[in-house]
Amino acid sequence: MSVRSRFAPAPSGELHVGGARTALFSWLFARHTDGTFVLRIEDTDRDRVTPEAIEGVQEALAWLGIDWDEGPGVGGDYGPYIQSERMETYRAAAERLQGSGRAYLCYCAPEELEERRKRAIKRGQPPGYDGRCRNLSDEERATFEAEGRPAALRFATPGTDVTVRDLIRGEAHFPASDLNDFVILRSDGTPTYLLAAAVDDHEMKMSHVIRGEDLFSSTPRQMLILEALGASPPEYAHLPLIVGPDRQPLSKRHGSVSVEWFRDQGFLPEAMINYLALLGWSLDEHTTFVTRDGLVEHFDLTRVSHNPAAFDIEKLEWMNGHYVREMPVEELAERLVPFFERAGVEADLELLREAVPLVNERIKLLSEAVEMLRFLFEEEIVPNEKARKLLEKAGREYVASVVAALEALDDWTAESIHRALDTAAEAAGLSRTKGWQPVRAAVTGSNISPPLPESLELLGRERTLARLRAAALS
RNA sequence: GGUCCCAUCGUCUAGUGGCCCAGGACACCACCCUCUCAAGGUGGAGACACGGGUUCAAACCCCGUUGGGACCA
């Protein structure tokens with residue numbers, strides 16, 4: 001039987017990196033086994049899920065290079081793949097359960113439940129549902145109905161222990177005493193997560209359910225539902241959570257955690273994939289860089305860690321820098337264009353291509369190239385604090401001598417510029433560092449820049465001299 | 001409170017009884033290279049939560065403690 005695995009996000013508009021990691025592992029498992037990967041949108045909990053929110057998740061996945069064989073946008077034999085469009089399926093399943101006596105109507109109001117729960121805790125008893133409506137007499141039920149009480153549908157747990165077999169964690173036993181009757185259909189007729197997910201995993205013929213560990217304890221209840229429906233459960237694999245530096249589950253509290261944000265910062269999808277794959281999984285004892293194809297080839301659920309993994313953005317940045325350096329110049333230039341555009345800097349693609357070798361090993365994020373190269377594309381240079389100090393210290397005379405040395409050049413190449421700068425510095429009795437820094441300041445407006453002679457060559461003779469002359473006058 | 005899961009350097013991890021006085025990577029420190037910033041090179045510091053067992057031998061197996069987390073609301 002071939003593998004069918006899925007990713008089933010609740011669309012909040014953005015894809016969380018934790019969700020991305022879950023999606024990645026499930027996707028890798030499907031691709032590794034030549035199986036089918038399904039995307040399903042779980043939106044029954046939300047009051048309003050906009051089409052844009054669903055769109056956002058799809059875009060983020062696509063950007064990461066995670067594609068799906070069935071789901072929104074591509075269809076498939078078991079659709080629709082958006083839960084809010086499958087309400088009839090859940091209602092039918094609920095009716096079947098009710099018809100076979102595996103579910104019953106519960107008229108308890110939230111306040112009553114809360115009250116009884118508190119009392120149970122006070123008496124040292126478990127706080128779960130006490131099963132009160134399970135054995136209502138016909139009269140009682142008629143009374144409640146006559147009162148117009150809203151009713152939820154509860155699953156009647158069979159009172160047996162449940163053993164969950166997990167591909168990552170092994171076996172876990174859940175005693176019957178902890179499995180009380182839970183709601184599967186709310187009084188407004190919408191299904192709970194437990195029902196919808198269980199029904200869909202069955203209807204969509206999922207062979208493997210790979211998801212976050214936060215759903216681990218809901219597994220026995222989903223297995224119970226499946227069993228009552230006469231369906232056999234899929235294989236389960238629960239992934240460790242991704243946590244923040246404080247070891248709490250990663251969330252917005254930790255700053256921006258959406259895939260979209262990382263994309264906008266200039267992280268590369270290949271770096272994200274590589275980093276995320278290594279968060280809770282390893283290929284062997286030494287491999288750090290793995291391509292998407294390499295991951296597909298080697299991915300293995302048995303090598304997934306059991307521990308929650310802390311998200312380390314510094315390591316991600318380092319890895320991104322690696323991929324930036326590895327990228328062909330041509331491609332990197334093209335990928336940088338949108339960042340210049342967004343910053344309002346008009347970057348000539350030809351010039352950018354020539355400048356890329358100067359910055360590719362100096363940036364970790366694509367967005368950083370803008371500040372580093374802005375002096376090449378903008379006419380107005382506004383020197384920063386440190387640049388002003390450098391120029392002040394060097395003095396007009398020295399700057400003028402540099403102008404003279406550069407003016408005298410026959411050819412405008414990095415090598416000749418290099419020599420001229422040295423000559424000027426030497427004549428002034430300055431070290432290379434001391435002699436070049438004021439030039440850097442005058443031309444780039446900063447104390448930090450790509451290599452100087454090469455930068456001046458790209459800037460061109462006229463613009464370089466103009467900036468130096470301006471500095472010599474001020 | 002109950003149930004379940006988890007526990008190796010600050011972080012991600014390798015490790016499935018002897019190859020481990022614990023290996024790699026990020027970060028950190030020092031030095032080298034060097035026009036700034038990077039990148040790169042070399043070296044360094046840094047961990048088996050604790051306590052009991054089992055065994056000739058335990059990071060690895062068992063029990064307990066402690067600590068984290070998830071879920072039940």
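All values below were derived from every heavy atom in this structure, side-chain atoms included, with hydrogens, water molecules and symmetry-related copies excluded. Note on naming: letters A, B, ... go to the chains in the order of the sequence lines (proteins, then strands), and numbering restarts at 1 for each one.
- Taking atom P in both B:A30 and B:G17, the straight-line distance is 42 Å, to the nearest Å.
- Using a 4.0 Å heavy-atom distance criterion, A:Gly435 is classed as making no nucleic acid contact.
- Residue whose closest nucleotide on RNA chain B sits further toward the 5' end, between A:Leu279 and A:Glu361: A:Leu279.
- Residues A:Trp412 and A:Gly460 approach most closely at NE1-C, 3.4 Å, considering heavy atoms.
- For the pair A:Asp178 CG and B:C72 P, the computed distance is 11 Å after rounding to whole Å.
- Shown here, B:A47 forms no base pair; nothing in the strands shown gives a Watson-Crick or G-U wobble contact with both key distances under 3.5 Å.
- Across the protein-nucleic acid pair, A:Leu239 atom CG and B:C5 atom C1' stand 14 Å apart, rounded to whole Å.
- Taking the C1' atom of each, B:G24 and B:U8 are spaced 13 Å apart, rounded to whole Å.
- Look at CG on A:Asp300: it is 16 Å from C1' on B:U13, rounded to the nearest Å.
- Remark: A:Asn307 is not in phosphate contact with B:C5, judged by side-chain N or O atoms under 4.0 Å from OP1 or OP2.
- Under the side-chain hydrogen bond (donor to acceptor under 3.5 Å, both in side chains) criterion, A:Thr444 pairs with no residue, sequence neighbours left out.
- For the pair A:Leu224 CG and B:U3 P, the computed distance is 18 Å after rounding to whole Å.
- Between the CG atom of A:Leu179 and the C1' atom of B:C72 there is a distance of 10 Å, given to the nearest Å.
- The stretch residues 149-167 of chain A participates, sequence neighbours left out, in these salt bridge (Lys or Arg N to Asp or Glu O under 4.0 Å) pairs: A:Glu112-A:Arg149, A:Glu147-A:Arg149, A:Arg165-A:Glu171.
- One P atom belongs to B:G68, the other to B:U11, and the distance between them is 15 Å to the nearest Å.
- When the side-chain nitrogen and oxygen atoms of A:Ser282 are compared with OP1 and OP2 of B:A14, one or more of them lie within a distance under 4.0 Å.
- A gap of 13 Å separates the P atoms of B:C5 and B:C62, to the nearest Å.
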Quiz item: How would nucleotides 22-36 of chain B be written as a contact map, 5' to 3', with B for base contact, S for sugar-phosphate-only contact and - for no contact, using protein heavy atoms under 4.0 Å?
Solution: -BSBSS-------BB

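- Distance CZ (A:Phe174) to P (B:U3): 12 Å, rounded to an integer number of Å.
- Nucleic acid contact for A:Gln248: sugar-phosphate only, since backbone atoms but no base atoms lie under 4.0 Å from a heavy atom of the residue.
- As rounded to whole Å, 13 Å separates atom C1' of B:C5 from atom NE2 of A:His173.
- For A:Phe289, the ring pair (Phe, Tyr, Trp, His ring centres under 6.0 Å) partners are A:Trp318, A:His322, not counting sequence neighbours.
- Rounded to a whole angstrom, the distance from the C1' atom of B:G46 to that of B:C37 is 29 Å.
- With RNA chain B read from its 5' end, the first of the two nearest nucleotides for A:Tyr275 and A:Ile363 is the one closest to A:Tyr275.
- Searching all strands for a Watson-Crick or G-U wobble partner of B:U16 with both distances below 3.5 Å returns nothing.
- Across all strands shown, B:A38 has no partner, as no Watson-Crick or G-U wobble contact with both distances under 3.5 Å is found.
- In this structure A:Arg432 satisfies the salt bridge (Lys or Arg N to Asp or Glu O under 4.0 Å) test together with A:Asp422, sequence neighbours excluded.
- Under the Watson-Crick and G-U wobble criteria, each requiring two contacts below 3.5 Å, nucleotide B:U55 is left unpaired.
- Between A:Arg303 and B:G15 there is a side-chain N or O to OP1 or OP2 distance below 4.0 Å.
- When rounded to the nearest whole Å, the span between CZ of A:Arg169 and C1' of B:C71 equals 13 Å.
- B:G43 and B:C4 have their P atoms separated by 49 Å, given to the nearest Å.
- When Watson-Crick and G-U wobble pairs are counted only if both distances are under 3.5 Å, B:A70 pairs with B:U3.
- Between the P atoms of B:C50 and B:C9, the separation comes to 10 Å (whole Å).
- Taking atom C1' on both B:C60 and B:A49, the two are 16 Å apart, rounded to the nearest angstrom.
- Side-chain rings of A:Phe299 and A:Phe25 approach one another, their centers coming within less than 6.0 Å.
- The shortest side-chain heavy-atom distance between A:Met319 and A:Thr288 falls under the 4.5 Å cut-off.
- A:Trp27 has its ring centre no less than 6.0 Å from the ring centre of A:Phe7.
- In this structure, A:Arg247 reaches the B:C12 phosphate: one of its side-chain N or O atoms is under 4.0 Å from OP1 or OP2.
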Using residues 310-317 of chain A as the side-chain source, report each donor-acceptor pair under 3.5 Å to any protein atom, sequence neighbours left out, with the distance given to one decimal.
{"from": "A:Asp312", "atom 1": "OD1", "to": "A:Glu314", "atom 2": "N", "distance (Å)": "3.2"}

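- Residue A:Ala172 places its side chain closer to B:C5 than to any other of B:C71, B:C5, B:C6.
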